[in-house]
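Step one of this worksheet: look at the structure below.
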Amino acid sequence: MSSESSPLLGDRLMRRRSLSNDISIDSEEEEGSTIELLHGENHTSNGNCPCCGSQECLPKDEARPLNANLESLDYDICENELFQQEASRTTHKKWLKKQAARWVIMFFIGIFTALIACFIDVMVHILSTSKFHLIKSYYEQGLQKDSLVIPLLLWVALNVASVGIASILTAYVEPVAAGSGIPQIKCFLNGVKIPHVVRFSTLVCKVIGVTLSVVGGLAIGKEGPMIHSGAVVAAGLSQGRSTTFGFDFGCFQMFEYFRMDSEKRDFVSGGAAAGVSAAFGAPVGGVLFSLEEGASFWNQALTWRIFFASMVTTFTLNMMLSIYHKKAWQFSYPGLINFGKFTDTPYYGQEIPVYILLGIFGGLLGALFNYINYRLTLFRRRNVTTRWLRVLEAILVAMISAVAAFFLIYAINDCQPFGDDPNENPIQMYCLDGQSNSMATLWFQPPEDSVRSLFHDDYAIYKYSTLIAFGVVYFFLACWTYGISVPSGLFIPGLVIGAAWGRLVALFLCAIFPNANWISPGKFALLGAAAQLGGIVRMTLSLTVILIEATGNITLGLPVMIVLMIAKWVGDIFTEGIYDMHIQLQGVPVLGWEPPEMTSNISARKVMSHPVVTLDSLSHANVIVDILKRETHDGFPVVQQQTESLDEHVSIASCENFGTLAGLITRSQLIVLLRQKHSFADGSQAATLTSRDFRSIYPRFPRIESLALSEADLRCSIDLRPFMNPAPYVVYDNTSLPRIFKLFRGLGLRHLVVVNRRNEVIGIVTRKDLARYRVHGAHLTEAEMSA
Amino acid sequence: MAFGDFYNDIYLFGMNRGKGSSASGSAMVSLYNVQNLMMSVVVVLACISFGHSSLQSYDFDPLQAISLLDDAQFEPIAPICEKLVNDFKDALANYTKCVIENARSRRRCELCIDKVIQVLKSFRLLAQKQNGSILCTESYPGMGEVMVFRHFHEFVKKNWANGGCQNCFAWYTINSTISNQLSNTTIMFQQLSSQFYKCLYNATNADDSVVQSRDFLRRLREVHSNETICKKCKKEYDKLNRFYVAKYETTYDKDDIICADIADSMNFTRYIWQEVYHCHIERVSVWPMIVTSVILCCVPVVFYLVSKIVGHEVEPNVVPSKRFRGSLGARVSTSSSIHNHLLT
C-alpha cells in the first residue's frame, strides 16, 4: 500500500514486516508461543537477550507488572519551527505578562483550595455533630427503654447511607477519586498521566465523597483528598477551562500560555502544596511535600510561588474558619490549628532512647499495616472487581465501623470526668453523672478531633483498656478501609492509631516511674502518632515539618524527626511505603529519587525499546495514519532518507538501525496535523498552523480513529520538519542506565532517542523502559508489561 | 505545701468538679505568688538601702545616710489616707477570712460577695486622689509597698474570678458604684435545685433539723429507701442534671468558668443521688444488641467468602515488549532477513 507512493518508507516498513514474518508473529496464538519461548530462554543464563543479544538477562518480576496503558507526561518543550516563530515574536512585555499570570493563577489556586477545604471542614463539622447528636438522643432513650438495638441500627443506617452515597459517586462517576489521591498526585508530579486524575468531575466526587465518608464514620481522614483537591484546582485553574463542562476561558491569553505539560505540572505542584497547607495548616510542610514528591523539576522561583500559594491558602482558610467559629479575623484562635498547640512539653536528652524505641515500634506496626493492606488490595483486585461489589464493600465497612464502635463503647466502661475540651456529644452510658464514657468520646467525633483529644486530654482520661481496645480496632478498621471505593485519607487514621499507643506507652512509663515529671501523655501521643504515620507512609522531611506546623511546636521537632526517621528505616526493611505500594500495584511506571542500584553496567542498548517505528521527514498521510492506528507509541523519531546501503549499516552497528535522526514528533502533534488536514507536500503552508493550534486541544487529543479523513487527504504527504522537535534529547547506545535515568528524571522527558556513533536511531527509551528495573530484595529484577 | 493540702481538703468531691478543680489550683498558685512577692519585696528593699550606702561610702557615713532617710523627709501621712489604708486592710482581712471560713460551704461565693465588693471599693478609694490633690498610695515610700496594695487588689480579683465566683453573679455598674445580683443561670439552677431537694425532703420525710444537722449524710442514709426516692425524684433530678450538663459540661467556651457554688452544689447533689441513694440507670438487656451485632458482623464475612468463590482470578495480562521482538530480530540475522525479503 504505502510502498508504491513512497518507496523508501515502504522499504523500511516492509523490512520490519519481514522481521515479523521471519519469526512468524502473525497470529495472536503464535505470538503467545513466541513469548513463552522467549521467557524460557531469558531464564537461562546464556540465552540471548533483548537487543543485539549482547548482555545477560535479569530475572523477571512477574508479580507486579507495569501497566502498559499508562502514558507519560512530556515536560520537555518542543522547540520546533512554530515555537521559534512564536519565540521571536515574544517581547519583554509579553514575558512580564506571563510571569504575572503565573502569580495570579497561584493566588487563585490558594484561594480556591482554601475555600474547598473550608467547605469540607464546615460540612463535616455540621453533619457529624448533628449525626452524633441524633444518635446520642436515641442512646439515652434506649438506656431508658431497656434496648440499645435502636441506636445501634440508627448508627449503622446513618453510616451506611452516608458512605453509600460517597461510594456510589466514586465507583460509578470517577473511580480515580477513590483513596487518598496522594499516590496519583505523586505519579502526576513524577510524570505519569493517570487518566481523569485532574478532572473537575474527580474534584466534585472527591469533595462530596470525602465529606460523606468522614461523616459516615469511616476510619479515614480528609487530608489526603484535600491534597488531591488542591492539585485538581491547580490543574483546572491553570488551564482556564473544563472539558467536563465545556467552558473555556482561552480567550484570556493568560491561560493560553500554560497549556502544556510542564507548565501544568508546576501549577499542580503548587496546588498539592496548597492542599497540604489547607489540610494541616502547614504552608512550609506543603512546599516540602511538593518537593519530596516531585523534586525532579525543582527550581527556586517555582518554590517561592508554591510557598505563596500555600500561604494564601492558610490565610484564607484561617479567615473563613475564624468567621465560622464566630471569632472573625482572630487568626490565633486555637480551633484553627488542627491538632491543637502543645505548650509546656519539656523533654530531656535522656528520653531520646525511648523515642528511638517508639520509632522502631512505629516502623514495625506500619509495616504490618502495609502488609495487611497489600494482601487485601490484591484480594480486592482479584475478587471485588465490579462496581456494585465495590459499593457493597464500602457499605459493609461503614456498617462494621459503626458496630465496632458501638460494641467498644458498651464493653469498656471507662468513666472519666469531663476534660477541658469536652466532646460536644458526650455519651454517659453507665457512668455516673458528671462523667462520660471516654471510649465514646473517641468515637463520637470526627477522627481528626479524636487525634486532638488523644494529644491534649488529661493524663487520666483514658484507661489502658480503652486505649488498647480502641487502638487495635482502629488499626484493623483503618487497614480494611484504605482501598475501598471512597475518597479516604490515611494521615488521620495513622495518627489516631499512633496517638493511642503513644499514650499507652506514656501510661506504662508512668506506672514504672511514678515520680518522673517528663512523661506527658500528649507528648508521647504525638510521637507515637508520628512513628505510626511514618511507618505507614514513609514520608520524611515533609511529614516532620507538617507535624511540627500542625502542632505549632518547634521544640518537639527533633523527637518527631527521630521517630519518623527510625520508623522509615525499620519499615523499609519489611515493606514499601503504602503509597509506593499502591503505585506499584497499579503498575505505574514511576521513577524514584535515585536510579536503581547495581545498574551501572546496564547500557542503553539493553534499556531501550527496539525496534523503533520511525517516520520520514516527508511522510504520506496514510502511512502516518496507518502507524498511529497500529502502534500505541507516542513518540516517533523522524529520520532522514537514507542513501547508504542497508548492509553497511547492519554490519557497522551490529544492531539494526532506522536511519539518521532528524527530529522527534509526537502522536499528539501528528493528530493535530491530520486533524487540521495539514497535508501539503511542499510545506509552504506551515505558517497557517501555529503553536496555539497545538495548545488549544491540549490535553485531550482526539484518537486517531475518530479523525475523518478522506481518500484525498490520505494520499497527501506531510512535511514533518516544521513540527517535529528538531533537537530531541539523545544518548549514545553505550550510555549507562543511571546516566539515562538522571537525564530522564531531571528533565522530565518522555522519549529519549538512542543513537549510535553515526547519529542513527537504534532505539528509544521511554519511562517504562527505565521503570521496569526494580530492586527486589537484593536482586535487580525486570518488571513485565501488562495491558 | 500545707496550704495545698488544706486546699485539697476543702474539695470533698474535688474529683467530680471538672473545671472548678483546675480553677482552685490556679487560685492556690496565685496565693503562693503573693507570698513569694512579699519575700522579694523585702529583699528588694534591703538591696536598695544597701545600694545607697555603698554609693555614698566615701563621702558619708552610711548609717548616717540611712538615719537621714528615716527622719521623715516626707510629709506626714494625711489622716484621710490613714483611714483609707485601714479600710483596705480590714476589707482584705475580711475577705480572706470569709473565703477560708466558708471553704466547705456550697454558698461560698454568695456569702463572700459583700466582702469582695468591699475590697474593690476600698482600693478604688485608695487609688483615687483625695481632696483633689492627695494620692494616698504616694504617701507610702518606695514603689514596693504601693505594689503590694495593687497586688493584693489583683489577688483578690483573680482569686474571686478563678475560684469560680465571678460567674455566679451578674454585675452592674450604676453611677460608678459596683452592684451585683445573682445571674440568670444561677437563679435558674437554684430553682431547679430547690425543686429537687423539695422532692427529696418530701420523699424522705426529712425535715430542716435533719438537713441542718452536722451528720446530715448519715441521717439521710438512715431515712432513705432507694427505690421510692429514685423513682419519685427522677424527674427533678434529671431536669437539674440536664441543665447543668448542657450549661457547663458540654460547652466549648473555656473562658466561661463555672460558678463554684453551682459546681459544688451539683457535685453534692450527684453524690447524694448516686452514692447515697444509688440511683443508677438500669443496665439494659444485652442479648438483643449482641445478636444484632453478630448478625451484622457476619455479613462482611459472607461477602468476602462469596466473592472469593465467585470472583475469578484475573491473571495479569502480560504483553510482550517491543524489546523482545527486537531481540528476536537480532538473533535471526538481520541482514539475511532483509536479503531474503529483497529477494522475494
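Order of the sequence lines sets the chain letters (A, B, ...), proteins ahead of strands, with each chain counted from 1. A quick note: this is a predicted structure, and the numbers were derived from the prediction, not measured. Below, all heavy atoms of this structure are taken into account, side chains as well, without hydrogens, waters or symmetry copies.
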By a 4.5 Å heavy-atom criterion (distance strictly below it), what part of [X] contacts chain B: side chain, backbone, both, or neither?
| X | result |
| --- | --- |
| A:Leu389 | both |
| A:Leu152 | side chain |
| A:Ile150 | neither |
| A:Asn413 | side chain |

* Asked: Between A:Phe444 and A:Trp155, does the ring centroid distance fall short of 6.0 Å?
  -> yes
* To do: Step through it carefully: locate the ring centre of A:Tyr139, locate the ring centre of A:Phe406, and say whether they are under 6.0 Å apart.
  => yes
* Asked: Would you say B:Cys109 and B:Cys259 have SG atoms less than 2.5 angstrom apart?
  -> no
* Contacting region of B:Val291 [heavy-atom separation from chain A under 4.5 Å] -> neither
* Verify the distance criterion only: is there a donor paired with an acceptor across the side chains of B:Thr269 and B:Tyr237 at less than 3.5 Å? => no
* Asked: Does the side chain of B:Tyr304 come under 3.5 Å of the side chain of A:Glu393 through a donor N or O and an acceptor N or O?
  -> yes
